[in-house]
Amino acid sequence: MTRRYDLHSHSLASDGSLSPSELVRMAASNGVDVLALTDHDDTGGIAQASEAAQQVGITLIPGIEISVSWNRQTVHIVGLRIDPTSSPLQQGLARLREWRNWRAEEMGRRLAKHGIHGAYEAAAKMAQGRIISRTHFARFLADNGHARSVRDVFKSFLKPNKPGYVAGEWASLEEALGWIHGAGGQAVIAHPARYAMTATRRRKLVGEFVELGGEGLEVVSGSHSRGDNFSMAQVARHFGLKASAGSDFHGPENPWVMLGKLEPLPEGCVPIWADW
Ligand code: AMP
Ligand code: MN
Ligand code: MN
Ligand code: MN
């Protein structure tokens, strides 16, 4: 029988809304056999997720989603089958979280100049000592009527050239791949069709990623259209990359992304899990 894979998901350890064990139980009840927990810049949820996975009899892949600055754009690199105890990885992630904390304060200052007060404090409170994400700011702004939805908050406040946006100073592509490979993992470009870049620029990104030893492209993503999946399958084939598949589930409040409910990999793809 073919196994069902979902290799991209978030918990309360970053900007997801379920605890790691709740996430794992939901994955199991949705028929997932192999789940990767890939929180942003933090591996703090993996221990709890692994324990829950053992209890419900599914496989938990330790993962990470690293924030990367590439040519003044933010891109996300997923690491799969990482050893979360790797010290270069943990040192690198600690540096990103430190910058993230500064960014959160800076976002608060910029929003305050724009007449919106208390955003940093509210976001920090929501994050409960874990990473503070733009998602936390978005929830505060939406709850306080500054926009109709979290999506609209991003459009009006949290994207490049908007008042609450601070340009990323994340890891370089080379650093991210070095941390993932140093931790024994495989590197995958997350949701490649979602970046605001031309196809030419995307191919440049993929080309550099391949040169640095990257293994995979997230061909099937919960944030892709079916057409995106097919065009990313072509890119993967062109560059000889393996194909990954992940929902990028953040919580049941986003009903358009379901944990474990993914389109199959288009024909001709080599699954990243082929030799697991
Ligand atoms: P950060 O890493 O803190 O900059 O936050 C990025 C996160 O914000 C992503 O991982 C998504 O979860 C979320 N996000 C980004 N863009 C949007 C959007 N347009 N609508 C809703 N959520 C978004
Ligand atoms: Mn997120
Ligand atoms: Mn992402
Ligand atoms: Mn993600």
Side-chain angles (χ1 to χ4, degrees), residues 6-18 23 35-43 45 61 63-70 72-80 93 96-108 110-111 119-120 123-124 126-127 130-143 146-162 164-171 176 187-197 205 217-218 220-224 228 232 244-251 253-257 259 262:
D6 188 335
L7 301 179
H8 188 152
S9 68
H10 295 275
S11 76
L12 279 173
S14 64
D15 59 350
S17 62
L18 301 181
L23 177 79
L35 174 75
L37 178 63
T38 56
D39 276 309
H40 300 284
D41 307 327
D42 198 311
T43 59
I61 303 292
I64 186 71
E65 184 174 15
I66 300 179
S67 308
V68 165
S69 294
W70 181 78
R72 289 171 300 285
Q73 248 180 316
T74 297
V75 299
H76 287 168
I77 303 296
V78 159
L80 297 174
L93 297 180
L96 299 189
R97 291 194 298 267
E98 208 172 295
W99 186 79
R100 201 177 253 291
N101 283 334
W102 175 84
R103 179 193 68 163
E105 291 173 20
E106 180 64 15
M107 286 174 71
R110 292 191 191 186
L111 288 167
Y120 168 74
M126 245 183 267
R130 295 173 289 247
I131 72 152
I132 309 176
S133 154
R134 277 187 289 160
T135 306
H136 298 112
F137 280 89
R139 288 183 192 142
F140 165 78
L141 290 166
D143 289 349
H146 296 290
R148 269 184 314 197
S149 68
V150 162
R151 254 190 192 182
D152 288 345
V153 174
F154 272 90
K155 265 192 212 150
S156 313
F157 295 98
L158 303 181
K159 287 202 159 172
N161 307 316
K162 297 297 172 188
Y165 184 74
V166 180
E169 289 176 28
W170 303 112
V188 173
I189 301 179
H191 40 65
R194 281 279 59 80
Y195 304 118
M197 54 176 80
L205 166 67
L217 195 66
E218 203 170 71
V220 169
S221 165
S223 63
H224 282 174
D228 291 335
M232 291 307 113
S244 188
S247 62
D248 205 2
F249 180 79
H250 280 71
E253 68 281 359
N254 301 339
W256 53 90
V257 174
L259 185 61
L262 287 160

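Both counts, for ligands and for their atoms, begin at 1 and track the order of listing. When reading the values below, keep in mind they use all heavy atoms of this one structure, side chains included, and skip hydrogens, waters and symmetry mates.
Asp41 and Arg100 are joined by a salt bridge, as a carboxylate oxygen and a charged side-chain nitrogen come within less than 4.0 angstrom of each other.
Geometrically, ligand 1 and Arg134 share a nitrogen or oxygen pair separated by less than 3.5 Å. Considering backbone and side-chain atoms together, His250 places an N or O closer than 3.5 Å to an N or O of ligand 1. Not a single N or O atom of His76, backbone or side chain, sits closer than 3.5 Å to an N or O atom of ligand 1.
Contact atoms of ligand 1 toward Arg151: 20 (N) (distance under 4.0 Å to a heavy atom of the residue). Within ligand 1, the atoms closer than 4.0 Å to a non-hydrogen atom of Ser133 are 3 (O), 5 (O), numbered from 1 in the order shown. Close contacts between ligand 1 and Thr135 involve ligand atoms 7 (C), 8 (O), 12 (O), 13 (C) [criterion: under 4.0 Å to a heavy atom].
The part of Asp15 lying near ligand 1 is the side chain, judged by heavy-atom distances below 4.0 Å. Neither the backbone nor the side chain of His10 has any atom closer than 4.0 Å to an atom of ligand 1 (non-hydrogen atoms only).
Side-chain contact, Asp15 with His136: no donor N or O sits under 3.5 Å from an acceptor N or O. Inspection of the Asp39 and Ser11 side chains reveals an N or O donor paired with an N or O acceptor under 3.5 Å. No hydrogens or angles considered: a donor-acceptor pair under 3.5 Å links the side chains of Glu65 and His76. Remark: the Ser69 side chain and the Glu169 side chain contain no N/O donor-acceptor pair separated by less than 3.5 Å. Residues Ser247 and Asp6 bring a donor and an acceptor atom of their side chains to less than 3.5 Å of each other.
Distances shorter than 4.0 angstrom occur between a heavy atom of Arg100 and an atom of ligand 1. Assignment of Arg103 to the shell around ligand 1 is supported, since a heavy atom sits closer than 4.0 Å.
Looking at Val257 and His250, their side chains never come closer than 4.5 Å, going by heavy atoms from C-beta outward. Leu7 is not listed as a side-chain neighbour of Val78, based on a closest heavy-atom distance of 4.5 Å or more. In this structure, Phe249 and Leu18 have side chains that are in contact, with non-hydrogen atoms separated by less than 4.5 Å.
The tally of protein N/O/S atoms under 2.8 Å from the Mn ion (ligand 4) stands at 4.
Arg134 places a side-chain N or O within 3.5 Å of a backbone atom of Leu158 that can act as its donor or acceptor partner.
At the top of the distance list for atom 20 (N) of ligand 1, counting protein heavy atoms only, stands Phe154 CD1, 3.6 Å.
Aromatic ring centres of His10 and His40 lie closer together than 6.0 Å.
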